[in-house]
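What's counted below: heavy atoms across the whole structure, side chains too, no hydrogens, waters or symmetry copies.
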Amino acid sequence: MEARPVNGYNDMVGFIWSVADLLRGDYKQAEYGKVILPLTVLRRLDCVLEPTKPAVLAKVKALGEGVGNVDPILRRAAGQPFYNVSPLDFRGLLADPEHIARSLRLYIDAFSPGAVEVLDKYGFDAQITKLDEAGLLYQVVARFADVDLHPDKVTNLQMGYLFEELIRKFSEAGNETAGEHFTPREVIRLMVNLLLDDDDSTLATPGIVKTIYDPACGTGGMLSTAEDWIREHNPAANLELFGQELNPETYAVCRSDMMLKGHNAQNIALGNSFSHDAHADKSFDYMLANPPFGVEWKKVQTFVEDEAARGYAGRFGAGTPRINDGSLLFLQHMIAKMKPLSEGGSRLAIVFNGSPLFTGAAGSGESEIRRWILENDWLEGIVALPDQLFYNTGISTYFWILSNRKRPEHKGQVVLLDARDQFTKMRKSLGDKRKETSPDQIAQITRWYADALDTAADPESPDHARVKVLPTTAFGYQRITVERPLRLRFEVTDDAIETVRASKPFRALAPADQERLTAALGLLLPDGGAEVDGSTRKTFQAGLKAALVSHGAPTFAALDKVLWAAVSTPDPEGELQTDRHGHPLPDPDLRDNENVPLGEDVDDYLAREVLPHVPDAWIDHTKTKTGYEIPFTRHFYVYTPPRPLAEIDAELKALEAEIQRLLGEVTA
């Protein structure tokens with residue numbers, strides 16, 4: 001019996017779900033993909049290799065054993081970047097039902113190394129055992145053998161769409177973990193629009209060659225959607241897709257998708273992009289990513305810090321963020337792969353939560369990374385998205401769009417676009433995903449962003465409330481340290497004596513000296529019998545010396561610092577403390593920090609904002625730091641006045657009356 005041809009997209013989807021029906025009961029719905037995805041890949045490869053299978057087997061026989069590297073020879077014979085040297089195919093697997101598990105394993109092992117690696121990363125061998133023990137393996141293989149996925153019947157593009165649909169369905173079925181590897185398609189479409197729309201005329205050029213890269217590619221959705229967008233504008237475009245993924249199973253899914261679409265699957269690498277950059281020698285035209293939010297990078301800390309120590313010769317020269325969030329490491333990694341302007345430059349888009357906007361004070365790793373980006377004028381825009389768009393988090397998210405080839409009229413500027421209200425409620429939640437952005441809303445957001453790039457935001461425009469175009473310097477500030485003078489009075493208290501006695505220098509004294517010193521200090525207590533003037537250091541020192549002499553206690557140089565720290569008490573009316581040059585010493589307890597906008601004179605700021613309230617304050621210029629943050633919400637804050645007191649009072653009285661009425665009914 002010949003394989004049944006698949007006629008149209010709906011027929012393909014229907015066929016796949018007929019296989020899922022076989023698994024029901026033995027597999028949870030979220031586990032269907034562990035079986036169906038690798039078998040879909042196997043069946044497609046089987047159909048692709050069918051016309052040249054005899055030639056490959058003949059070449060294997062002719063080469064015999066002991067030949068060196070046969071891989072390029074057999075790939076030429078197969079006419080594909082992969083091949084299979086087993087005489088079996090899907091029909092042949094069904095000839096021996098009793099030993100189908102062994103036959104299927106032998107068939108898989110006979111694929112070329114790259115294909116075997118992909119299938120191995122699916123962990124499919126464990127599923128073969130599970131299906132065989134459940135008595136399902138023969139039925140499932142037979143169902144796949146009954147469908148024709150030959151390229152003459154199903155093109156690479158159709159096959160890619162089918163596989164993407166399977167990935168989406170299985171990811172949503174396992175929505176509790178879907179967000180780790182799968183970004184909702186409408187989010188990706190919006191992201192791709194913002195990344196590529198400004199280049200639509202360039203991308204439509206006949207024969208254009210472009211490269212696209214995702215350093216956290218998951219199942220490959222972003223790469224596929226970017227490819228689809230470009231194909232819609234230019235079917236003849238030459239595209240090379242690159243990616244890297246840490247999770248073996250999702251890497252296998254992405255690489256399979258590339259194989260099924262006819263791309264060079266070797267461009268998809270397995271491993272950590274920070275510690276094992278598989279594309280270290282490459283730069284790309286476009287990059288996009290949805291890295292995991294708030295994931296620590298402790299496992300690769302040594303590697304990252306060693307590379308950061310190399311400065312800008314490495315990828316992390318601008319600084320390193322907190323250990324518990326590697327988001328800005330991904331961004332630096334992508335910036336390092338931008339093409340120089342002489343080669344056309346690059347654009348990139350990345351999904352972040354709110355943390356990279358403002359976390360980290362001036363001088364911190366996060367602030368220095370933002371400073372590096374903004375001072376190099378790479379940040380083109382930030383778009384705020386609705387919350388509850390993703391499967392595994394309900395928090396608000398943001399697109400950052402960067403470019404090293406900004407339009408001349410947009411240089412030195414950053415677009416902030418507030419699209420947090422652009423969503424529709426979903427009928428059924430998928431994990432934390434309760435909202436989605438409709439096609440019309442995606443188109444509207446894309447227009448708003450494009451308009452903002454064309455012209456500066458018009459204060460009279462109705463869209464001004466959601467679009468701001470600001471200079472890069474608007475996000476910079478000077479973190480100044482405002483000092484006030486230290487004023488002290490001096491007195492001996494019970495606590496001060498205990499502090500001295502607990503100190504290491506005191507414990508080092510001979511017991512007799514400890515007793516004499518304690519007695520001398522006790523003499524200076526308010527009721528100790530001796531009078532001492534504690535208004536100045538000089539007068540207190542005289543009283544202290546007299547007390548020590550009266551008890552035969554010598555002065556102890558090692559205890560000097562401890563003694564003065566114990567008896568010193570801050571007092572606004574106390575003696576001004578100065579250094580040896582007569583300059584006032586600062587009071588650490590009165591120290592304050594202020595953020596002054598970049599470009600404003602800090603001394604003018606002090607005179608205007610501080611000195612009218614504290615005339616003795618000054619700035620310690622040695623501690624001034626430059627910082628950068630992007631307070632997105634502050635720029636779009638709209639003041640809502642409180643309700644009138646009369647209205648609140650009337651409501652309270654109405655509630656009190658209602659409570660009294662209800663109590664009356666209960667006690668009646």
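Counting non-hydrogen atoms of neighbouring residues, nucleotides and ligands closer than 6.0 angstrom, the NZ atom of Lys130 exceeds 12 such neighbours. Annotation: Lys34, atom NZ; neighbour count of heavy atoms from other residues, nucleotides and ligands within 6.0 Å does not exceed 12. Counted within 6.0 Å of CD on Glu296, heavy atoms from surrounding residues, nucleotides or ligands total more than 12; the atom is thus considered enclosed.
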How far apart are the C-alpha atoms of Asp21 and Arg143, what are their side-chain angles, what is the distance that settles it, and do they pass the salt bridge (Lys or Arg N to Asp or Glu O under 4.0 Å) test? CA-CA 11 Å; Asp21 290 338; Arg143 191 67 64 88; over 6 Å; no
Verdict with supporting geometry, Thr52 and Arg76, side chain to side chain donor-acceptor pair (under 3.5 Å): CA-CA 10 Å; Thr52 57; Arg76 283 196 297 272; over 6 Å; no
Intermediate values then yes/no, side chain to side chain donor-acceptor pair (under 3.5 Å), Thr211 and Asp285: CA-CA 5 Å; Thr211 53; Asp285 297 297; 3.1 Å; yes
Check the pair Lys433 / Glu186 against salt bridge (Lys or Arg N to Asp or Glu O under 4.0 Å), numbers first and verdict last. CA-CA 12 Å; Lys433 182 174 174 59; Glu186 85 276 7; 2.6 Å; yes
Verdict with supporting geometry, Ser438 and Asp440, side chain to side chain donor-acceptor pair (under 3.5 Å): CA-CA 5 Å; Ser438 70; Asp440 287 344; 5.4 Å; no
Could you go through Arg231 and Asp228, starting from their C-alpha distance and side-chain angles, then the distance that decides it, and tell me whether this counts as salt bridge (Lys or Arg N to Asp or Glu O under 4.0 Å)? CA-CA 5 Å; Arg231 295 277 185 225; Asp228 292 344; over 6 Å; no
Test log, rule salt bridge (Lys or Arg N to Asp or Glu O under 4.0 Å), inputs Arg91 and Asp89: CA-CA 5 Å; Arg91 281 289 159 203; Asp89 57 15; over 6 Å; no
For Thr359 and Asp325: C-alpha separation, side-chain torsions, deciding distance, then whether side chain to side chain donor-acceptor pair (under 3.5 Å) applies. CA-CA 10 Å; Thr359 300; Asp325 188 356; over 6 Å; no
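Side-chain atoms of Thr424 come within 3.5 Å of backbone atoms of Glu436 as a donor-acceptor pair (strictly under, hydrogens ignored). Judged by distance alone, the side chain of Gln80 and the main-chain N or O of Phe82 form no donor-acceptor pair under 3.5 Å. At least one donor-acceptor pair under 3.5 Å links the side chain of Gln244 to the backbone N or O of His276. A distance-only check finds no donor-acceptor pair linking the side chain of Arg434 to the backbone of Asp387 [under 3.5 Å]. The backbone N or O of Gly243 lies less than 3.5 Å from no partner atom in the side chain of Asp214, so there is not a single donor-acceptor pair. Arg189 places no side-chain N or O within donor-acceptor distance of the main-chain N or O of Ile442, the cut-off being under 3.5 Å. Judged by distance alone, with hydrogens and angles left aside, the side-chain atoms of Arg466 form a donor-acceptor pair with the main-chain N or O of Asp418 at under 3.5 Å. Arg255 places no side-chain N or O within donor-acceptor distance of the main-chain N or O of Ala269, the cut-off being under 3.5 Å. Of the possible donor and acceptor atoms, none in the side chain of Trp297 sits under 3.5 Å from a partner among the backbone N and O of Ser327.
Atom-to-atom distance recorded for Leu93:CG and Asp46:CG is 7.5 Å, nearest 0.5 angstrom. Between the CG atom of Asp198 and the CD atom of Glu380 there is a distance of 6.0 Å, given to the nearest 0.5 Å. Atom OG in Ser86 sits 11.5 Å away from atom CG in Leu49 (nearest 0.5 Å). Between the CD1 atom of Ile128 and the CZ atom of Arg105 there is a distance of 5.0 Å, given to the nearest 0.5 Å. Atom OG of Ser403 sits about 8.5 Å away from atom CG of Leu348, to the nearest 0.5 Å. Atom CG of Asp199 is separated from atom OG1 of Thr205 by 10.0 Å, given to the nearest 0.5 angstrom.
Contact detail for Tyr213 and Ser273: the closest heavy-atom pair is OH-OG, 4.3 Å. Of all heavy-atom pairs between Leu329 and Pro321, the closest is CD2-CD, 3.5 Å. Heavy-atom minimum distance, Leu196 versus Ala226: CD1-O, 4.0 Å. The two residues Pro87 and Leu57 come nearest to each other via the heavy atoms CA-CD1, 4.0 Å. Here the closest non-hydrogen pair linking Phe390 and Pro184 is CD2-CD, 3.9 Å. Heavy-atom minimum distance, Phe423 versus Arg420: CD2-O, 3.5 Å.
Between Thr437 and the choices Val187, Leu389, Leu385, the side chain to side chain contact (heavy atoms under 4.5 Å, CB included) rule is met once, by Leu389.
For the residue pair Asp71 / Tyr83, a side-chain donor-acceptor distance below 3.5 Å is found, with atom types taken as modelled. Using modelled atom types, one finds no donor on one side chain facing an acceptor on the other under 3.5 Å when comparing Asp197 with Tyr449.
Taking the six-membered ring where tryptophan is involved, the planes of His279 and Phe284 are perpendicular, since the angle between them exceeds 60° and thus also 30°. In this structure, Phe111 and Tyr107 have perpendicular ring planes: the angle between them is above 60°, well past the 30° mark.
With a 6.0 Å cutoff to the six-membered ring centre and a 45° limit on the axis angle, Lys121 does not count as a cation-pi contact of Tyr251. Under the 6.0 Å distance and 45° angle rule, Lys299 does not count as a cation-pi partner of Phe274.
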